[in-house]
Student: 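Before we start, here is the structure in question, set down as structure tokens.
In listed order, ligands and their atoms are each counted from 1.
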Amino acid sequence: MKVFKFGGASIQDAASMQNVGSIIQKHSQDIGLIVISALGKTTNALEKVIISFFEQQNPTAFQLLEEIKEKHLLLCTELGLSQAVVTELEDMFIDVEWILENPPLREFNYYYDQIICLGELLSSKIISEFLITQGIDNVWVDVRDVLRTDDNYRAANVNWAQTQQLVTQKISPLMGKKLVITQGFIGSTDDNCSTTLAREGSDYTAAIFSYCLNAAEMVIWKDVLGVLTADPRLFDDAVLLPNLSYEEAIEMTYYGAQVIHPKTLQPLQAKQIPLRVRSFIHQSHEGTLICKQTAPNNSLNLPPVVVVKPNQTLLKLESLDMEFMDEQKLAKVFQLLSKSQLKTNMSQHSALGFWVSVNTEADKLNVLKTILPPYFSLTVTEGLKLITLRHCSPDLIQKYIGNQTVLLQGNSQNTQQWLVISD
Ligand code: ASP
Ligand code: MG
């Protein structure tokens, strides 16, 4: 039994939905469960709704939501779905409209998760109903009935024990009998509040199901051929990696390779479930197979990999009292960074200073700015990108780094990193 995942790019309009339908048709004997993310750029559009709502710009929030509704209902018409389906989707919108009608009383992240989940609920419903019109029987499952998390909104942590129990109880009996269509990215707390697993989290959802259902394979369908040695939009010498170990793939995604969500690989690796990343456009291509490699993982047989992580901000923290950055102070630094939820990507320290490259996220930086002053001073440099090279020769380093202005540099076995000014 396989678990498939389709991302937003594969289901952005009627033609691409039909393409996905034909892929599912072709593989229907093997698939047990399909994880769907929101259509095209719907999650970004919903983020705008949430921001307007939180800034109490309600007419704008409603207007933006209306645009999302029109797009989805138009798609239903184009796919020839029934009025009953349209009514179901409209009801999903009503749940969000109710939230928008009252002023926000709780924190931003809570409302974010209650509203953003609409995207996946809509897209999965449309796919499910469309497949039925194509003669592919399936059952639509609200993932919030099975995927339990804590209430760390926007970056919720999976409660594995409860999730496993609910999957065993509600999903396993369907395997081999009914194809299950469900949503990626979202989950729920014990109190039935919606949560999310962080942006692009649908890959992770598919891995959670693969783990809990002991899938034979997980397949992510993408608009690229598979995992490449670099982002082909940035480097024309990027080549496909037909095979990859879990370890190498984990390293690549950790440093920012966007092809798979970083948390996806651990659950798969734990049960040795192979992950195939392949193209929904070039379907005859096998893509990349990530699995346990038998050959030893020495750098000689690993291809050079380049990963560019844009939108980086360099933070320099200095102790206020000229005291050394000793272990206690460093522990405090990481405690404060963790509290702010800033994502740290590379760090270094000296006698009096600590440098860290974090993802540029204004709201989280503001949190840090409020909790830092009693302990450290802060200097912020924005507009940077982090380049990570793995298994690269000096020639390749020269090629990829050249004369760029370097603000921070790190070196560990097989991995070299440069924080440079973005062009
Ligand atoms: N729809 C969500 C996002 O765009 C989750 C996903 O696509 O994986 O981040
Ligand atoms: Mg996506």
Student: With heavy atoms of R199 as the reference, note each atom of ligand 1 found under 4.0 Å away.
Tutor: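 Those of ligand 1 that fall under 4.0 Å from R199 are 3 (C), 4 (O), 9 (O).
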Student: Side chain or backbone of E120 under 4.0 Å from ligand 1, or both, or neither, by non-hydrogen atoms?
Tutor: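 Side chain only.
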Student: Under the rule for side chain to side chain donor-acceptor pair (under 3.5 Å), what residues qualify as partners of Q312, not counting sequence neighbours?
Tutor: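 For Q312, the residues satisfying side chain to side chain donor-acceptor pair (under 3.5 Å) (neighbours in sequence not counted) are N345, S357, N359.
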Student: Between R144 and S194, is there a side-chain donor-acceptor contact under 3.5 Å, judged purely by atom types and distance?
Tutor: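 Side chains of S194 and R144: pair found under 3.5 Å.
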Student: With heavy atoms only and a cut-off of under 4.0 Å, state how S37 meets ligand 1: side chain, backbone, both or neither.
Tutor: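 It is the side chain that gets close, since no backbone atom is under 4.0 Å.
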Student: On the 0 to 90° scale, with breaks at 30° and 60°, tag the F54-Y111 ring pair as parallel, tilted or perpendicular.
Tutor: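 If you compare the ring of F54 with that of Y111, the planes turn out tilted.
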Student: Which residues satisfy the side chain to side chain donor-acceptor pair (under 3.5 Å) test with S52, sequence neighbours excluded?
Tutor: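 Expected list: none.
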Student: Check each atom of ligand 1 against the heavy atoms of S202 and keep those under 4.0 Å away; list them by number with element.
Tutor: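 Heavy-atom distances to S202 below 4.0 Å select 5 (C), 6 (C), 7 (O), 8 (O).
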Student: Which of the numbered atoms in ligand 1 are under 4.0 angstrom from any heavy atom belonging to F185?
Tutor: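 Numbered from 1, ligand 1 contributes 2 (C), 5 (C).
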Student: Indicate yes or no: does an N/O atom of T43 lie under 3.5 Å from an N/O atom of ligand 1?
Tutor: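 Yes, T43 has an N/O under 3.5 Å of an N/O on ligand 1.
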Student: Please work out whether the ring planes of Y112 and F108 are parallel, tilted or perpendicular, with thresholds of 30° and 60°.
Tutor: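 Tilted.
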Student: Could you say whether the N/O atoms of G201 and ligand 1 ever approach to under 3.5 Å?
Tutor: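 Indeed, backbone or side chain, G201 has an N or O that close.
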Student: Applying the side-chain contact (heavy atoms from CB on, under 4.5 Å) test to T168, which of Q165, K170, Q164 qualifies?
Tutor: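 Going through Q165, K170, Q164 one by one, the side-chain contact (heavy atoms from CB on, under 4.5 Å) with T168 is satisfied by Q164 alone.
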